[in-house]
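Below is one structure, written out as C-alpha cells; the observations come after it.
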Number of protein chains: 2
Amino acid sequence: MNEEQWLEELLKFSGEDGKFSEKQLKILEAAIEMFAEKGYAATSTSEIAKRAGVAEGTIFRHYKTKKDLLLAIVTPTLLQSVAPFLAKEFAKEVFEHQYEHYEDFVRALWKNRYAFVKKYLPAIRVFWQEIAFHDEIQKQLKTVFTLHVYDKFANIVRHFQEKGEIEDIPVETVIRLTVTTIAGFFATRFIIMPDYVWDDEAEMERTIQFLMNGLRKKDA
Amino acid sequence: MNEEQWLEELLKFSGEDGKFSEKQLKILEAAIEMFAEKGYAATSTSEIAKRAGVAEGTIFRHYKTKKDLLLAIVTPTLLQSVAPFLAKEFAKEVFEHQYEHYEDFVRALWKNRYAFVKKYLPAIRVFWQEIAFHDEIQKQLKTVFTLHVYDKFANIVRHFQEKGEIEDIPVETVIRLTVTTIAGFFATRFIIMPDYVWDDEAEMERTIQFLMNGLRKKDA
DNA sequence: ATAAAATGTGAGTGAGTACTCACTTGAAAA
DNA sequence: TTTTCAAGTGAGTACTCACTCACATTTTAT
C-alpha cells in the first residue's frame, strides 16, 4: 500500500502490538525525519503536525507529551540496534560453532548491522543525537547493554580467547575495540563523510583485516 | 584571580585579541556548561544570563544572536581540537625524525589529545553535539580538516609506509583507522562510560598495541 | 440500528522565547 | 573637569511553544 514498511518493521519492538493508524504512522515518520534534521528541541509539534498532514491535537491524542513521542521512536531503535543479541538463536549459532573463527562472527555482525544502518539511518541519528540530553535514554541503553548484550558478547570473546585465536587482554577491551572499529566505520561512512566516494566492500575488507590483526594472538 | 584560565586559553583561537571582560567570560562559561548539559536549542538566553549573573541584554551586547554565542564557543574548540596540526613545528618534528616510528607519533598524539580532552571536555561536548544541526560548523570542520590536517597526516602516513612500517593500504584508510581508534577510546572513556573504573595507562597501552598490530606491514 | 468507544480536529491558552531599546554606570580621553 | 563611549541593564515586544478541550467523525460492539 504505502512505502512505510521500514517504519512498521522498526516498530515491531514498540510494545504496542501493531495497532498503528495511518495518521499515527505519518506522525512518527515526520517526527523521525525532522528530529534527525534539526534535533528534538528545535522541532515544534506544529511543524511535525504540518509535515504529517495531521492536526496538532492528533499528536497529543497518541502521545501524552512531546517527549513520549521521542521515546516512541528511540526505544524501538535502541532495541533494533542490538537485535542480533536479542535473538535466541544467536548465542546458539556461535557456540554450536556455526562460526569457526572470531573473524566469521565479526563478518556476520558487520553485514547484519550494515543493512540495519542503511535501512534505519534517520532513526539511528535521532537516537545518538538525543541520548546526550535525556537520562531516560541513557538508562535504557545501559540496561539493554548489560542485560542482553554484554554477557553474550563476553562469552563469544572468551570462547575464541580459549581457542587461542585472540590476544589475552580483558574482554571489555576486546569488545570495546571491536565495537568502536565497526561503529567508527559506520559513523565515518554514513554520518561524517556520507558524500565521499566509498568502496564499501573493499573498506570492509581492510577494516576487518585491521581488526583481526590487531586482536590476533601473537605466538609466544 | 579566578579559575577561568582554561577558558581564556581556549579562546586564544577566537580572533578577538584577548579582550574579554569579566562578564563576557562568565557568559561564555555559563553557555558552555548549559549547552553541554541540555543542548543549544533547549537552553534559553535568559537561563544563561541568570547562571552568568548578568542581565539578558548583556549577552546581546557582545553577541548579536544566540547562534553567534554558540559559534564563539565552537570555533575556538574546533581549532584547539586540531591544534597539533596547526603548529608549525609539528610537521618538522615528524620529518626530522624526532619520531622514529609511527607508534611514537601515535603516542605523542595520544598524550597530547588526552590532556586536551580532559581540559576542555564540556566545550568538546558542545562541539560534537551541535555539529549535526548547524551547517556552518560542518563547513568549518571540513575546511580546517582539508586545509590543515589531512595533508600533514597523509604525509606522515606515507613516510612510514615507505619505510615499510605500515601496510600499503590507502592513506585515507590508515588515517580513518588511527583517528577512530583513538577517538573511540576517548568517546568511550569520557562520554559513554565516564563512571566505569578506568586504568587509563593500561588501556592506552593495549589500544596502541592493537592499533600498531592492525596497521603493521606483514612480511611478504 | 444504535450505542459506545476510539480517533481526529483546530481554535484557544498561558508560559516562555530571542531580541530591542532607552537608559545608567564607570573609566579613560580631551 | 568635562566629554565620550563602551559596557551593562531590565522592562518591553512580537511571536512561538507545548498542550488542552469541546466538538466532529469514524470504527467497533451489541
Discussion item. What I'd like to find out is whether the side chain of A/Thr75 reaches to under 4.5 Å of the side chain of A/Gln140, using heavy atoms alone.
Written reply: yes
Fill in: Near-strand residues of residues 33-60 of chain B, defined as heavy-atom separation under 4.0 angstrom from DNA chain C
B/Thr43, B/Ser44, B/Thr45, B/Ser46, B/Glu56, B/Phe60
Worksheet entry | Between C1' of D/dT20 and NZ of A/Lys64, the distance in whole Å | 13 Å
Discussion item. Using a strict threshold of under 4.0 Å (side-chain N to carboxylate O), is an ion pair present between B/Arg107 and B/Glu205?
Written reply: yes
Item to complete: Round to a whole Å and report the spacing from NE2 of A/His62 to C1' of D/dC19.
Response: 16 Å
Worksheet item: Under 3.5 Å, is there a donor-acceptor pair linking the side chains of A/Ser46 and A/Glu56?
Response: no
Item to complete: Report, as a single string ordered 5' to 3', how protein heavy atoms within less than 4.0 Å touch nucleotides 23-29 of chain D: B base, S sugar-phosphate only, - not at all.
Response: -------
Worksheet entry | Whole-Å distance separating the NZ atom of B/Lys26 from the P atom of D/dT9 | 13 Å
Worksheet entry | A/Ser81 and A/Tyr120: side chain donor to acceptor below 3.5 Å | no
Worksheet item: Any side-chain heavy atom of A/Val106 within less than 4.5 Å of one from A/Ile182?
Response: yes
Fill in: Distance flag, aromatic centroids of A/Phe153 and A/Tyr150, threshold under 6.0 Å
no
Worksheet item: In whole angstroms, how far is the C1' atom of D/dA7 from the CD1 atom of B/Ile27?
Response: 10 Å
Worksheet item: Roughly how many Å is it from CG in B/Leu25 to C1' in D/dA7, rounded to a whole number?
Response: 14 Å
Worksheet entry | Residues B/Ser44 and B/Glu47: side-chain donor-acceptor under 3.5 angstrom | yes
Practice prompt. Let me know the distance between NZ of B/Lys23 and P of C/dT25, rounded to the nearest Å.
Written response: 13 Å
Fill in: Euclidean distance, atom NZ of residue A/Lys66 to atom P of C/dG16 [Å, nearest integer]
16 Å
Worksheet item: Does the side chain of A/His134 come under 3.5 Å of the side chain of A/Lys67 through a donor N or O and an acceptor N or O?
Response: yes
Worksheet entry | d(CG, A/Leu70; C1', D/dC17) in whole Å | 17 Å
Item to complete: On the 0 to 90° scale, with breaks at 30° and 60°, tag the A/Trp198-A/Tyr196 ring pair as parallel, tilted or perpendicular.
Response: perpendicular
